[in-house]
Structure formats: C-alpha cells, structure tokens
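Before anything else, here's the structure in question.
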2 protein chains.
Amino acid sequence: MHRPIQAAVRNRILAALPAAEFALLADHLTRVELTLGESLHRAGDKITSVFFVESGFISALTMLSDGQPLEIGLIGSEGVAGVSVILGATDSYSETMCQTGGGAYRMSASALKDVDARAPHLHDLLLRYTHVFHVQVAQTAACNAHHELGQRLARWLLAAHDRSGVPELSLTQDLIAVMLGVRRSTVSIAAGTLQRAGVIRYQHGKITIVDRVGLENAACECYEAVATEYRALFGEYPDRPPPAVFP
Amino acid sequence: MHRPIQAAVRNRILAALPAAEFALLADHLTRVELTLGESLHRAGDKITSVFFVESGFISALTMLSDGQPLEIGLIGSEGVAGVSVILGATDSYSETMCQTGGGAYRMSASALKDVDARAPHLHDLLLRYTHVFHVQVAQTAACNAHHELGQRLARWLLAAHDRSGVPELSLTQDLIAVMLGVRRSTVSIAAGTLQRAGVIRYQHGKITIVDRVGLENAACECYEAVATEYRALFGEYPDRPPPAVFP
DNA sequence: GCGCATATGTCCGGTATCGTACAAAGCGCG
DNA sequence: CGCGCTTTGTACGATACCGGACATATGCGC
C-alpha cells in the first residue's frame, strides 16, 4: 500500500486540504476501482467505509418498499460517499451505487471520524459538503414534484456531465429511467426530443453531450441552483460564468 | 428577559442537554410567539437567528423560480429551524415558515455557533438532528416522485399531528395544497376520501384526526421510515410500538 | 339572524405519465 | 458474417393530476 500524493489526487476535498491534514488521512486511504452497478453502501447497513470519489460518479438512492430505487443525489469528485458518519450516523439511510466505471479512495468510517476530530479544515470542508449535498437533495424533492421529465432529464445529464468530466457517458435509458423514477419509454421520448434538437446524441448505451448550452436551456432552474452551491463550496464566485465543466 | 428553566422547556433538544450545557445557552434564548404564516428565514437571506421550536410546527420550503413554494420538511419541538449554520452555511437555501400558531426560543446564529463549539453534547445532538432532518428531506424527494396524493396527504397529516401534539389542527386545504405542491381541488378530493373513511373530519379550516391508526394505514411507508429515525434520535427503541404522539 | 368572506365540493377538457406490449436497430461474439 | 442479446423507438388505452371555473357550505362580524 503506497500513500497517495496530494498533488495527484483528483478528489476536490482531499486536494483542498492543507498538506498537514492531508498527511493525517493519507495512511488510511486505499485506492479502489469502482465498477458499473457496484454498491458502496446498502440501505440500512452499517457504514463501515467512506469513499472519496476520484472519477466517475455515484448515485445516492432511497429504496422504497415496493423495491423501486429512486435517486436523491449524485456524488462525484467533489464529494464523499458515506459522509453522514461525521454527523453521527451509524447506518446508511440510502443506497450508494456507482453508475459508471470510476475510482475512489476508500477509508474506514472510524478512521475518518478520528481524523475529523483532529483536522479542523477537513471538518469544516466535510460539514460544508454535507450541507451542499443536502441542498441538492432538497432541490430534487421540489424538482420531482414540479418539473417535467424533459427538464429533469436535462438537469440530470448536466449533473452527470459535471461529475464525470467527459462529454461521452456510458448510460442506458433504462438506467436513467430508474434514477429519475419514470418508465424507460418515457425517457426514450424525452431523450428523442433532446436528440432531435441536436443537444445530445445517443448510440446504444453511449450518450454524448453535443451542445452543453442547449442542454442548460432545456434544464430546469434546479441544475443551476445546485451547481451554484457546489461552486461556492470550493470558493468560486457564483456569479461568474461557470467553467465548461465544474469539477 | 428572564432565563428559561430547563425543566419547563418543551423543545426536545434543549430538554435533552446536560444542565451545564443548557446553562451556556440559556442566556441567549429569547422566547418568541409565532403566528400563522410568519417567515422565520427567507430563501437566500443570511441566517441571523435560529429557532428552537416549543409548540406548533414550522415548514421548510424550497422556492421555485415560478414563485411556487414546495415543502421539503417539517420542524416541530424535536428540532431547530436554521440549524444549518452549524454546518457552516451562512445563507438559508429554504424558506422556513410557521404553519400554525406556536412558540419558540430564538437565539442568534453566532451565539449558537459559539456555544456549539464549547458544548459537546449539544454539538452531537445538533449534528444528529441535522442528519435526521436530511433523511426526512430525502424520503420526501422519493415520496414526491412515486406516491399518490392520498398517501402523501395522510403522511403529511401524521407528521403534522406528531409535531403539534394535538389531534385538532387549524389548517385549510388551500395551505396543505401548497405544502404538497398540488392543486387545492385535488386535496379536496383526497381529503374527502379520508373523511368518508372516517379517519379525519373537516370543518372549515379545522381538521381533526379521528382515527390515527386508520390514517397510518392510509399513509405511505415514508411516514414510518422518517418517524423511526426521529425516535432513534432521542434514544427510543425503534421496534417498540410508537407512543400515540411521538414528540 | 343576516350578509359576506372564507373554505370546501365538484365539474370540465387537457396532458404528462403509466403499464404493457411489440418492433426495430445496434453491437458483441461465435 | 450472421445470431442473439441489449438498447431504443413507438403504439395503446388507462389514469392521476392540471388549470380553471363555478356552486355550495360554514363561520364571523354586525
């Protein structure tokens, strides 16, 4: 096991830490590869590990009793899956699942709590990240109730784009339908509209974002509201034009 | 300004504190009365005060750009409105508004942060409360997407009942419709069904819960999932039969 | 007790999405 | 190169809710 080097780390929380605090974490971090569909936490189970995401993205899902999962938030290299342990949670209320290939640094939950108590910048950053994630979930609650699927799809694709960092995503409409809690054929119609408008392109499990601005126009306000919070988390000015891809 | 006496305080967080930590807060607490429709925080504004709710309940609302508010969570005597300041938030992402008459202890946000840093039990409790509130919001996100209005209405009435502590609530269907993000006439139909089933009774702005068990049966799983989390927050056994009213 | 504002019940056509089914198209693997 | 699985497009009636309107009922002030 070799220690990660901070300059080479892509997770934005780890990268933002003072070197002294990063050093406290480094020994506990294990690099892991994430495969599509892999569960990092199961709803109701103990949270034994947390994951600082390096690439790809993770979905946090609430499991309803009829067996249907529904996405409540996305976690990319700006975040940590399982961060609720620092609020004192022991069990995961949500399922966290990798929706792409990707990588992460895994760390035991108890080690994180340990270091968190001794590293004030880490503590601040994790609490602020927790808050921003909460804002994302709250916006999703409102969005689910009010906005049409076309807008929600565009919002989701933008969020996925931001977190993955590449315009070409390996995603089936089936998967997206589960995330958004709608039928696949409904996604097919909405995606077809976006495709005919020339903002995205589909090819059998691959979706390419052709016109990012067009996609932003098709999305509801919820995308921008949440993206602004995430930008503020890392100290970027919220009223500047956003970079092409925020992470 | 007279200091509150802990034994007389009804807010469950304040009541659960060790006397020494309560003493640190007591000087900063001002008793305030809340009137129906009163805003405690406005979306986007600085959070200058937090409110330990004593009676009645508060709605946390996301304001969508079309001007329509949508409720994401309820806060009663088990909680604090504005608690996100302890995560480092400066601005409120949501509107918090009193939906009933009621009372609360107000405290400046900066004083809370101050005391929070010196009072470990308070800190723990506030973080755990934050987490449980987050679970509530997440469940709401899934519920908004999947469950029918009849179930959501029953869930909401149960949550309101828990937080107000009395079976008779002063609530119009109009108000409930805004909270749930649906049209009033849709609420009228769903409420009529519940009334004909004999679980609630309506009378011009007053709604009485007649058959609490019947209402629980009419609600979706989301009520019980969240109530279990709140019970655990104050150390009650989640697998025991719930008291008639949890707060 | 009467009038009026407020609250609730109900009706209409319209639409987004459901639930299910089936057909067509793309890619992987032999 | 073609078979088969996966992915996508599309059709169909059913339904929950919308958006707006109107009628009725309740309670409050006078």
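Protein chains get the first letters and strands the later ones, always in sequence-line order, with residue 1 at the start of each.
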Tell me the interatomic distance from B/Leu153, atom CG, to C/dT8, atom C1', rounded to whole angstroms.
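Computing the B/Leu153:CG to C/dT8:C1' distance gives 14 Å.
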
With A/Gln195, which residues qualify under side-chain hydrogen bond (donor to acceptor under 3.5 Å, both in side chains), at least two apart?
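A/Gln195 satisfies side-chain hydrogen bond (donor to acceptor under 3.5 Å, both in side chains) with no other residue.
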
Counting N and O atoms only, with roles assigned by atom type, does the side chain of B/His146 sit under 3.5 Å from a partner on the main chain of A/Pro69, one being a donor and the other an acceptor?
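Such a contact is absent between B/His146 side chain and A/Pro69 backbone.
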
Residues in contact with DNA chain D, drawn from residues 138-152 of chain B - heavy-atom cutoff 4.0 Å:
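Per residue number, the list reads B/Glu148, B/Leu149.
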
Can you pull out the residues from residues 57-64 of chain B that lie within a 4.0 Å heavy-atom distance of DNA chain C?
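Heavy-atom cutoff 4.0 Å gives no residues at all.
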
Mind running a 4.0 Å heavy-atom check of residues 171-186 of chain B against DNA chain C and sending the residues that fall below it, in number order?
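The answer is B/Thr172, B/Gln173, B/Arg184, B/Ser185.
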
With A/Val53, which residues qualify under side chain to side chain contact (heavy atoms under 4.5 Å, CB included), at least two apart?
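Side chain to side chain contact (heavy atoms under 4.5 Å, CB included) list for A/Val53, sorted by chain: A/Ile58, A/Ile75.
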
Working to the nearest 0.5 Å, report the span between CG of A/Leu61 and CG of A/Leu64.
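CG of A/Leu64 is found 10.5 Å from CG of A/Leu61.
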
With sequence neighbours excluded, give me every salt bridge (charged side-chain N to carboxylate O under 4.0 Å, His left out) pair touching residues 47-62 of chain B.
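Residue pairs with at least one partner in residues 47-62 of chain B: B/Arg31-B/Glu54.
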
Expected rows: protein N/O vs nucleotides 26-28 of chain D N/O, under 3.5 Å:
| from | atom 1 | to | atom 2 | distance (Å) |
| --- | --- | --- | --- | --- |
| D/dT26 | O2 | B/His204 | NE2 | 3.1 |

Starting at atom CD1 of A/Ile189, determine the distance to atom C1' of C/dT15, rounded to an integer number of angstrom.
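Nearest whole value for this atom pair: 13 Å.
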
CG-OG1 distance between A/Leu233 and A/Thr228, expressed to the nearest 0.5 angstrom
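Reported to 0.5 Å precision, the distance equals 12.5 Å.
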
Would you call the rings of B/Tyr93 and A/His131 parallel, tilted or perpendicular, taking 30° and 60° as the class edges?
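Perpendicular: the ring planes of B/Tyr93 and A/His131 meet at over 60°.
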
Nearest-Å distance, CZ (A/Arg196) to C1' (D/dT10)?
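Checked: the CZ to C1' distance equals 11 Å.
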
With sequence neighbours excluded, give me every salt bridge (charged side-chain N to carboxylate O under 4.0 Å, His left out) pair touching residues 182-191 of chain B.
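Qualifying pairs, neighbours excluded: none.
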
Tell me every residue that passes side chain to side chain contact (heavy atoms under 4.5 Å, CB included) with A/Val32, counting only those two or more places apart in sequence or in another chain.
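In terms of side chain to side chain contact (heavy atoms under 4.5 Å, CB included), with neighbours along the sequence ignored, A/Val32 is linked to A/Leu34, A/Phe51, A/Ala104, A/Arg106.
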
Nearest whole Å is fine: how far is C/dA7 P from B/Leu169 CG?
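So the CG-P distance, B/Leu169 to C/dA7, works out to 15 Å.
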
Taking any heavy-atom pair under 4.0 Å as a contact, classify A/Gly205: base, sugar-phosphate, or nothing.
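Sugar-phosphate contact only - A/Gly205 comes under 4.0 Å of backbone atoms but never of a base.
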
Give a yes or no on whether a salt bridge exists between A/Asp162 and A/Arg212, defined as a side-chain N under 4.0 angstrom from a carboxylate O.
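Salt bridge: yes.
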
Residues A/Arg231, A/Glu224; criterion salt bridge (Lys or Arg N to Asp or Glu O under 4.0 Å); working and verdict
CA-CA 10 Å; A/Arg231 274 181 227 120; A/Glu224 191 51 34; 3.2 Å; yes

Please list, chain by chain and in numerical order, all residues satisfying side-chain hydrogen bond (donor to acceptor under 3.5 Å, both in side chains) with A/Asn144, sequence neighbours excluded.
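Only A/Arg152 meet the side-chain hydrogen bond (donor to acceptor under 3.5 Å, both in side chains) criterion with A/Asn144.
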
Taking the cut-offs as 6.0 angstrom to the six-membered ring centre and 45 degrees off its axis, would you call B/Arg12 and B/Tyr230 a cation-pi pair?
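Checked: cation-pi criterion not met.
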
What stem regions, each of at least 3 consecutive Watson-Crick or G-U pairs below 3.5 Å, can be found for DNA chain D?
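Listed by first number, the stems are C:1-30 with D:1-30.
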
Within residues 130-146 of chain B or reaching into it, pairs that qualify as salt bridge (charged side-chain N to carboxylate O under 4.0 Å, His left out) - sequence neighbours excluded:
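Applying salt bridge (charged side-chain N to carboxylate O under 4.0 Å, His left out) to every pair that reaches into residues 130-146 of chain B, excluding sequence neighbours, yields nothing.
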
In whole Å, what is the span from the OH atom of A/Tyr202 to the P atom of D/dG9?
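The answer, rounded to whole Å, is 8 Å.
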
Between atom CD in B/Gln195 and atom P in C/dG9, what is the gap in whole Å?
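Value for this atom pair: 6 Å.
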
When you measure from the side chain of B/Glu38 to the backbone N and O of B/Thr35, does any donor-acceptor pair fall under 3.5 Å?
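Answer holds: yes.
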
What's the spacing between B/Lys206 NZ and B/Glu168 CD if we round to 0.5 Å?
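Output value for this atom pair is 5.5 Å.
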
Please state whether the phosphate of D/dT8, meaning OP1 or OP2, lies under 4.0 angstrom from any side-chain nitrogen or oxygen of A/Ser188.
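Result: no.
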
